[in-house]
Student: 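Have a look at this one before I ask anything.
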Amino acid sequence: MTLPQPATLLGGISPERFLREYWQKKPLLVRQAFPELENPLSPDELAGLALEEEVESRIVLTEGATPWELRRGPFGEDDFKTLPEQDWTLLVQAVDQFVPEVAELMKAFSFLPSWRLDDVMVSYAAPGGSVGPHYDNYDVFLLQSHGRRRWKIGQHCDDQSPLLEHPDLRILKDFVEEQEWVLEPGDVLYIPPGIAHYGIAEDECMTCSVGFRAPSHGEILLHFTDYLSQSLTDQSRYGDNGLQLPADPAAIDDETVERLQRIILERVQDKAALATWFGRHMTEPRYPELIQPLDISSDILTDDLESGYGLVRNPSARLAYRREADEQLVLFASGEHCVLPPSLLPLVQLVCNNDYLDSDTILAWRSNAEGWTLIEQLLAKGDLLLEGDDE
Ligand code: SIN
Ligand code: CO
């Protein structure tokens with residue numbers, strides 16, 4: 001399948017205009033965004049994935065034992081046999097990790113930062129199937145890959161929006177419909193965070209949801225300060241040199257609070273540490289167990305490359321990089337980082353932006369000791385795989 005160029009995917013709107021007018025702001029419907037779409041997996045293949053232990057899957061029944069009944073996978077074959085003819089949806093998370101054809105879809109979104117992309121959830125719905133009116137905290141591109149689904153778009157929501165009492169699902173109590181479309185295979189609907197949406201299968205259908213990573217402020221503070229604190233010693237401690245005689249020994253005065261504030265502000269102002277933490281956090285893999293270390297000698301690697309085998313990016317690996325103002329280069333690879341000489345920028349860009357590196361491209365780095373070490377380290381960690389060895 002040929003992937004659409006951004007202009008096609010965005011319905012003739014340039015990526016710049018999309019970012020200015022739609023991204024994080026308002027929904028966009030694009031008819032035939034993927035004009036050459038081939039459904040990347042069949043309903044049976046999706047159901048097969050939902051049987052697997054390591055795959056996260058759910059079934060939502062509109063009217064099950066209770067309204068909007070949620071069943072959690074992994075499922076057994078019999079679970080599917082007993083489902084009704086209609087009004088249920090199977091949802092499988094991070095299908096891109098298991099089906100290369102689904103991972104391929106993500107490449108069409110390369111006009112957005114790759115570290116913002118999270119996963120592709122794929123749903124299969126029997127006629128009438130729906131997960132109810134809801135909003136997500138993430139941007140999502142909903143790609144209709146099979147059959148037809150009616151999408152209704154509603155109001156702006158936030159954590160004050162009333163929800164139905166439900167132990168597991170966040171279904172809106174009120175849905176104020178503003179627009180409605182029936183999506184056909186190849187159509188895409190972009191929905192920014194916080195916009196209510198309600199999809200109902202017109203007939204048996206499948207939807208691929210390309211979702212984005214966005215840590216909450218709580219997560220940012222919690223994880224960044226946790227990261228910072230790992231480099232602090234016990235000697236760095238609250239101190240009150242110059243303490244004034246307290247008016248009341250039981251009172252915590254303003255000076256005390258200001259001393260604390262200074263400690264926190266000084267620490268969190270470390271921009272380099274913030275960037276390092278962020279790169280590590282945004283490249284944390286969803287399934288670390290799918291990134292297995294590889295023990296390979298430099299000679300065998302060279303032999304394999306000289307035989308024409310290339311290197312494949314592990315589909316579970318996440319890579320990004322940052323150039324510091326002082327010309328330092330930091331590579332982030334699946335939740336870890338390493339500082340590199342700036343001369344390795346072309347190699348880092350190659351590795352971060354390609355899922356396949358041919359043998360000649362890699363062998364060109366054979367004579368660069370630092371570059372070659374980086375390639376070996378990425379293979380040793382399992383972020384890169386030798387072609388033919390990636391099963
Ligand atoms: C679905 O595919 O049924 C739900 C996707 C979504 O609303 O985010
Ligand atoms: Co949603």
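What's counted below: heavy atoms across the whole structure, side chains too, no hydrogens, waters or symmetry copies. Residue numbers count from 1 along this sequence. Counting starts at 1 for both ligands and their atoms, following the listed order.
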Student: Is the closest N or O pair between T207 and ligand 1 shorter than 3.5 Å?
Tutor: no

Student: Could you tell me if the ring centre of W23 sits under 6.0 Å from that of F212?
Tutor: yes

Student: What do you reckon, are the aromatic ring centroids of F98 and Y287 less than 6.0 Å apart?
Tutor: yes

Student: Walk me through it: do D139 and R116 pass the test salt bridge (charged side-chain N to carboxylate O under 4.0 Å, His left out)?
Tutor: CA-CA 10 Å; D139 305 83; R116 275 281 261 139; 3.4 Å; yes

Student: Numbering the atoms of ligand 1 from 1, which are under 4.0 Å from a heavy atom of S209?
Tutor: 5 (C)

Student: Main chain of L117, side chain of R318: is a donor-acceptor contact present, judged purely on distance under 3.5 Å?
Tutor: yes

Student: How does Y135 reach ligand 1, by side chain, by backbone, by both or by neither, if only non-hydrogen atoms under 4.0 Å count?
Tutor: neither

Student: For Y124, is the nearest heavy atom under 4.0 Å from an atom of ligand 1?
Tutor: no

Student: What about the rings of F109 and F141, do their centers lie closer together than 6.0 Å?
Tutor: yes

Student: Check step by step if side chain to side chain contact (heavy atoms under 4.5 Å, CB included) holds for V60 and E69.
Tutor: CA-CA 6 Å; V60 177; E69 184 194 338; over 6 Å; no

Student: Enumerate the atoms of ligand 1 whose separation from the nearest heavy atom of D136 is less than 4.0 angstrom.
Tutor: 8 (O)

Student: Without swapping roles, check the side chain of T256 against the backbone of I252 for a donor-acceptor pair under 3.5 Å.
Tutor: no

Student: What protein heavy atom is closest to atom 1 (C) of ligand 1, reported as residue, atom name and distance in Å?
Tutor: S123 OG, 3.5 Å

Student: State the atoms of ligand 1, each with its element, that fall below the 4.0 Å cut-off from a heavy-atom position in H197.
Tutor: 6 (C), 7 (O), 8 (O)

Student: Counting the benzene-type ring for Trp, do F278 and F224 have ring centres under 6.0 Å apart?
Tutor: no

Student: If you round to 10 degrees, what value do you get for the angle at the Co ion (ligand 2) between H197 atom NE2 and H134 atom NE2?
Tutor: 90°

Student: If you look at D136, which of its N/O/S atoms is nearest to the Co ion (ligand 2)?
Tutor: OD2

Student: Counting non-hydrogen protein atoms only, what is the nearest one to atom 4 (C) of ligand 1? Give residue, atom name and distance.
Tutor: V131 CG2, 3.9 Å

Student: Could you pull out, from H134, R149, M206, Q144, the option with a heavy atom nearest to atom 3 (O) of ligand 1?
Tutor: R149

Student: Using a 4.0 Å cutoff against the non-hydrogen atoms of M121, which atoms of ligand 1 qualify?
Tutor: 5 (C)

Student: Report yes or no: is the cationic atom of K26 (NZ for Lys, CZ for Arg) closer than 6.0 Å to the six-membered ring centre of Y22, at no more than 45° off its axis?
Tutor: yes

Student: Heavy-atom contacts under 4.0 Å between I191 and ligand 1: side chain, backbone, both, or neither?
Tutor: neither

